[in-house]
2 protein chains.
Amino acid sequence: MPSEVIVYESEIFKALAHPTRIQILHLLRDGERCVCEIVPALEMEQPNVSRHLHVLKKEGILSSYKEGLRVIYRVNDPKIFELLDLCKELLKNHWEKRQKTFV
Amino acid sequence: MPSEVIVYESEIFKALAHPTRIQILHLLRDGERCVCEIVPALEMEQPNVSRHLHVLKKEGILSSYKEGLRVIYRVNDPKIFELLDLCKELLKNHWEKRQKTFV
DNA sequence: ATTATGTATGCAGGATGACGCATATATTAT
DNA sequence: ATAATATATGCGTCATCCTGCATACATAAT
């Protein structure tokens, strides 16, 4: 029986466990964006994007507000970018080690 | 079409997206452990634990070696713990903000 | 060779996730 | 009220994940 915190952690990671959702976070890195900007940037169908946004919002990673017809999404805590960056560093280390091993 | 790095990142997150696997990482935090130590600590069936270990190993997060009958697993890069810690901080921030909002 | 021990894997079930398509909802403009 | 626009949701389908059970595999002991 894992502690509750561990379950919540796993849910955060689950929310990040899709390329499209990571792309969305990168798009929101320099500020909030409305769905109508996110959809064309991802070259993906609008309902699909809407669901991915919902997943991130449900986990408290994003929040949104309406402005006329548009819905604008933004990142709640910039620390999420540290998480993404750290993950990339991890991959870099791993990749460099592999290179050393196989070359 | 997400970049390859983003796909790899999402795969790391997917590997972390299960409470049991996070528990395993915590167990390995102060050093390597054999499966026969991990199984009772998790109170979970051995084949199931074995598969979760496999997921983490496949993503390059763990590696293993044999010692007689036993298989010993260890974390490849301690940076993975920074990732877990950062995630917990994120949760903490989020939770504190909720408290402020709802109280 | 046989037996015992530790670990991994095959298979089947149910659960969950992602996507495409159509459509509902909300807001604005006419 | 009607039409147009932006976003969200319902539904069906296919794929993937998680688990339990049985069993295979590897190593060591007798």
Separation of atom [atom1] in [X] from atom [atom2] in [N], rounded to whole Å:
X: B:Glu45; N: D:dT23; atom1: CD; atom2: P; answer: 15 Å
X: A:Arg51; N: D:dT13; atom1: CZ; atom2: C1'; answer: 13 Å
X: A:Phe13; N: C:dT16; atom1: CZ; atom2: P; answer: 21 Å
X: B:Ile72; N: D:dA26; atom1: CD1; atom2: P; answer: 18 Å
X: A:Leu16; N: C:dA18; atom1: CG; atom2: C1'; answer: 17 Å
X: B:Arg70; N: C:dG6; atom1: CZ; atom2: C1'; answer: 8 Å
X: B:Lys66; N: D:dA28; atom1: NZ; atom2: C1'; answer: 11 Å
X: A:Met44; N: C:dA18; atom1: CE; atom2: C1'; answer: 10 Å

Determine: side-chain N/O of [X] to OP1/OP2 of [N], distance under 4.0 Å, yes or no.
X: A:His54; N: D:dT7; result: no
X: B:His18; N: D:dT19; result: yes
X: B:Tyr73; N: C:dA8; result: yes
X: B:Asn48; N: D:dG20; result: yes

At what distance, to the nearest 0.5 angstrom, does [atom1] of [X] lie from [atom2] of [Y]?
X: B:His54; Y: B:Arg51; atom1: NE2; atom2: CZ; answer: 9.0 Å
X: A:Ile72; Y: A:Leu28; atom1: CD1; atom2: CG; answer: 11.5 Å
X: B:Thr20; Y: B:Leu53; atom1: OG1; atom2: CG; answer: 10.5 Å

Pairwise 5' ranking along DNA chain C for B:Glu37 and A:Arg21, keeping only the more 5' one: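 Its nearest nucleotide lies further toward 5', so the answer is B:Glu37.
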First of B:Gln46 and A:Lys14 reached from the 5' end of DNA chain C, by closest nucleotide: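 Nearest nucleotide further toward 5': that of B:Gln46.
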Closest nucleotide among D:dT9, D:dA6, D:dA26 to the A:Leu69 side chain: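 Shortest atom-to-atom distance from the side chain points to D:dA6.
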Parallel, tilted or perpendicular: ring planes of B:His52 versus B:His18, cut at 30 and 60 degrees: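 Because their plane-to-plane angle lies in the 30° to 60° range, the rings of B:His52 and B:His18 count as tilted.
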Crowding at CZ, B:Arg33 (>12 non-hydrogen neighbours, <6.0 Å):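 Enclosed: over 12 neighbouring heavy atoms sit under 6.0 Å from CZ of B:Arg33.
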